[in-house]
Enquirer: 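If you scroll down you'll find the structure; I have some questions about it.
First the proteins, then the strands, lettered A, B, ... as listed; each starts at 1. It should be emphasised that the depicted structure is a prediction, and the values quoted were computed from it without experimental measurement. Heavy atoms only: backbone and side chains are in, while hydrogens, waters and symmetry mates are out.
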There are 2 protein chains.
Amino acid sequence: MREASAPDRGVRSRDAILDTATELMSLRGYAATSISMVSAACGLPASSIYWHFGSKDGIYVAVLERARVTLLSALPPVEVPGADIAQRLDNFLEAVEDAFQRHPHDVKLLIGLGMVQGSASAAAVAELLHYRDALLAWARDSLSFVFGLHDRPEVSHGLARFVLRAASGTAVARWFDPASSLDAEALRVALLALAAHQGVPVGVPAAAPPHEGPSGA
Amino acid sequence: MREASAPDRGVRSRDAILDTATELMSLRGYAATSISMVSAACGLPASSIYWHFGSKDGIYVAVLERARVTLLSALPPVEVPGADIAQRLDNFLEAVEDAFQRHPHDVKLLIGLGMVQGSASAAAVAELLHYRDALLAWARDSLSFVFGLHDRPEVSHGLARFVLRAASGTAVARWFDPASSLDAEALRVALLALAAHQGVPVGVPAAAPPHEGPSGA
DNA sequence: GTCTATAACCAGATAGAC
DNA sequence: GTCTATCTGGTTATAGAC
C-alpha cells in the first residue's frame, strides 16, 4: 500500500491538499487562507498545489464540490422510515442532527463562505449555490415524505427552508460556542406546529389561528 | 457647516472611514477587505486611516463596536406593549423584523465574521462575543416580558436562542437570496408552540406531548 | 508529479513634510 | 489631521531542473 509505485501518488497528494484546504478554509475562511499556509500544513510545496488545482480559486471550487458530495451522500434517502408522522419526523431530525454533528467542516463551508462575493470566482459562487440548493431539495423531499405533502409542495418547501435556516443559525451559534447542538426537540415542536398551522393533519390541534395581519395596537 | 474650521474635520473623516469599512467588511468579510480598498472607496489616504485607528484590526474593532451600539439602540425597550401574549409577541417580532431589515450591515457583521478566529485579534473576537451576548440578552428579556416568564429564566433563554438562530439562519439565506426576509409568521407559530410545549399558558393547547426520548423504531 | 527558486505584485504599516 | 513616498514582508503564481 505504501510507496504505491507512483500511479496514485498524485491522487494521494491531491486528497491531502484537499483535506488541509478544507480544514483551513472552513476554519478561517477563503480569503484568510493562503496557499503558503496550505503548503506548510500539508507538507507539499506551493507549486504542487498549483499543478493540481491551477489557482487558489481552483482549490476552493474543488473543496466545495467535495464537501457537497460528502455531505449529501452522508444524508439518508428521502423515504424516511416510520409508521406515522411523529416517528418519521424524529428519524428525519435525527439524520439532520447526525450529519450536522459529523460534518462540521462541510456545514461551515456552506455557511461561512457566503461572503465571498467579490473575492472568489463566479464558478465558486455557483458551486456554493448548487450546494445550498441540493441540501434544500433533500430537506424538502424528506419533509414532503414525512408529512405526506406530495400535493402541497409549497408547504414542504417552507418547512425545509425553516429547517435549513435553523441549521444555519445553529452553525453560526457554534462558532461562538462550539458546544452548540441542533436542538432537535425544539425543531420537532416547531415543525409540527408549522405543519398544523398550514392545515396539515398531524394528529394534534393547530397551535394558533391563521389571523390575518397584525392585530391593531 | 462646511469647512468646519478643522475642529471636527477629524470626526467627519473618522465617520467616513467607519462607514466605508462597515460596508466593505460586511460585504466581503474582514480578511478580504484591504486598507487600500477602504482608502480608495472613502477618498482618504491610507496613512489617515492609520492615524485614526492605528491598525486594520483597530478599524475592525471600531466597526464592530459602532455596529453593536447602532443595532442595540435601534431595538425597542424590552417592555413590549400589548394586552395579551399574542399582541406582545406580534410587536416583538415586528421589532425584530424591522431591525433585521433596516440594519443589514450590522447583522451581517455579527454573523459572517465569526470565522475570524486566527485572523483577527482577541479584542475583535471579544467585541463580537459582546455583540452576540447583548442581542441575546435583549431577546431574552423581551420574550420574558412577552410570555410573563420572570420566574422561568431558562425558558425565555431557550426561546431567545431560538429566535437568534432563526435570525442568523435568515441572514445566511439572505446572502444566497437577498430577497429573503425573516418570516415572522413562522416564527410566531413556532414560538407559541415552543412556549406551550414548556407548559407556559399561551391560551392555546400544547402542540405535542413532552414524550421522553425518541419513540423506539 | 514533485521539487527549488523566483518573478510580480499587493498587503499592512511608517516617516516626515505640510 | 492630512498628505506623498516608501519600507518590509507575504501573496499568488510561474519557470525549469529532476
Side-chain angles (χ1 to χ4, degrees), chain A residues 1-21 24-25 27-63 113 115-116 118-124, chain B residues 1-21 24-25 27-64 113 116 118-124:
Chain A
M1 204 69 87
R2 201 166 293 266
E3 290 293 336
S5 62
D8 60 13
R9 266 266 301 280
V11 321
R12 290 165 57 102
S13 294
R14 206 189 123 96
D15 284 350
I17 296 167
L18 274 182
D19 289 343
T20 308
L24 288 174
M25 286 180 172
L27 181 65
R28 309 174 46 96
Y30 172 72
T33 302
S34 71
I35 300 290
S36 37
M37 286 173 54
V38 176
S39 166
C42 77
L44 277 73
S47 52
S48 287
I49 298 179
Y50 279 99
W51 189 90
H52 281 287
F53 299 100
S55 68
K56 184 183 175 184
D57 201 87
I59 307 177
Y60 184 36
V61 173
V63 162
L113 303 184
M115 54 175 38
V116 126
S119 339
S121 72
Chain B
M1 205 70 86
R2 202 167 293 267
E3 290 295 335
S5 61
D8 60 12
R9 266 266 302 281
V11 319
R12 289 165 58 102
S13 293
R14 204 189 125 98
D15 283 350
I17 295 167
L18 274 182
D19 290 343
T20 308
L24 288 173
M25 286 179 173
L27 181 66
R28 308 172 48 95
Y30 172 71
T33 302
S34 70
I35 300 290
S36 35
M37 285 173 54
V38 176
S39 166
C42 76
L44 277 71
S47 49
S48 287
I49 299 179
Y50 280 99
W51 188 89
H52 281 287
F53 299 100
S55 69
K56 184 183 176 184
D57 201 87
I59 306 176
Y60 185 36
V61 173
V63 162
L64 287 175
L113 302 183
V116 126
S119 338
S121 71

Enquirer: Whole angstroms only, please: what is the CZ-P distance between B:R14 and D:dG1?
Expert: 11 Å
Enquirer: For A:K56 and A:Y50, indicate whether the former's side chain and the latter's backbone hold a donor-acceptor pair under 3.5 Å.
Expert: no
Enquirer: Measure from OH on B:Y30 to C1' on C:dA11 and round the result to the nearest Å.
Expert: 12 Å
Enquirer: Rounding to an integer number of Å, can you tell me how far B:Y60 OH sits from C:dA13 C1'?
Expert: 20 Å
Enquirer: Measure CH2/B:W51 against P/C:dA15 and give the value in whole Å, please.
Expert: 16 Å
Enquirer: Rounded to whole Å, please give me the gap between CZ in B:F53 and P in C:dA13.
Expert: 14 Å
Enquirer: Find the distance B:L24:CG to C:dG12:P and express it as a whole number of Å.
Expert: 12 Å
Enquirer: Report the nucleotide, chosen from C:dG1, D:dA13, C:dT4, that has the shortest atom-to-atom distance to any side-chain atom of A:S55.
Expert: D:dA13
Enquirer: Assess whether one donor atom and one acceptor atom, taken from the side chain of A:S34 and the base of D:dT12, lie less than 3.5 Å apart.
Expert: no
Enquirer: In the structure I gave you, are the side-chain heavy atoms of A:D19 and A:C42 within less than 4.5 Å of one another anywhere?
Expert: no
Enquirer: Name the closest nucleotide to the B:R9 side chain, picking from D:dT2, D:dT12, D:dT4.
Expert: D:dT2
Enquirer: Pick base, sugar-phosphate or nothing for B:T33, based on heavy-atom distances below 4.0 Å to the nucleic acid.
Expert: sugar-phosphate
Enquirer: So if I take every side-chain heavy atom of B:P45 and compare against D:dG1, D:dT4, C:dG1, which nucleotide ends up nearest?
Expert: D:dT4
Enquirer: Please tell me which of the listed nucleotides, D:dC3, D:dG1, C:dC3, lies nearest to the side chain of B:S48?
Expert: D:dC3
Enquirer: Do B:L18 and B:F53 come within less than 4.5 Å of each other through their side chains, counting heavy atoms only?
Expert: yes
Enquirer: For the side chain of B:S13 and the base of D:dT2, is some donor closer than 3.5 Å to an acceptor across the two?
Expert: no
Enquirer: Given C:dC3, D:dT11, C:dG12, identify the nucleotide with an atom nearest to the side chain of A:S36.
Expert: D:dT11
Enquirer: Nearest 0.5 Å, please: how far is CG in A:L24 from OG in A:S34?
Expert: 8.5 Å
Enquirer: Rounded to whole Å, how long is the line connecting atom CZ of B:R12 with atom C1' of D:dT2?
Expert: 15 Å
Enquirer: When you check the phosphate oxygens OP1 and OP2 of C:dT4, does a side-chain N or O of A:S47 lie under 4.0 Å from one of them?
Expert: no
Enquirer: Heavy atoms only: give me the nearest B:G10-B:H52 pair and the separation to one decimal.
Expert: O-CE1, 3.3 Å
Enquirer: Starting the side chain at C-beta, find the nucleotide from D:dT2, C:dG12, D:dT12 nearest to B:I35.
Expert: C:dG12
Enquirer: In whole angstrom, give the distance that lies between atom OH of B:Y50 and atom P of C:dA13.
Expert: 4 Å
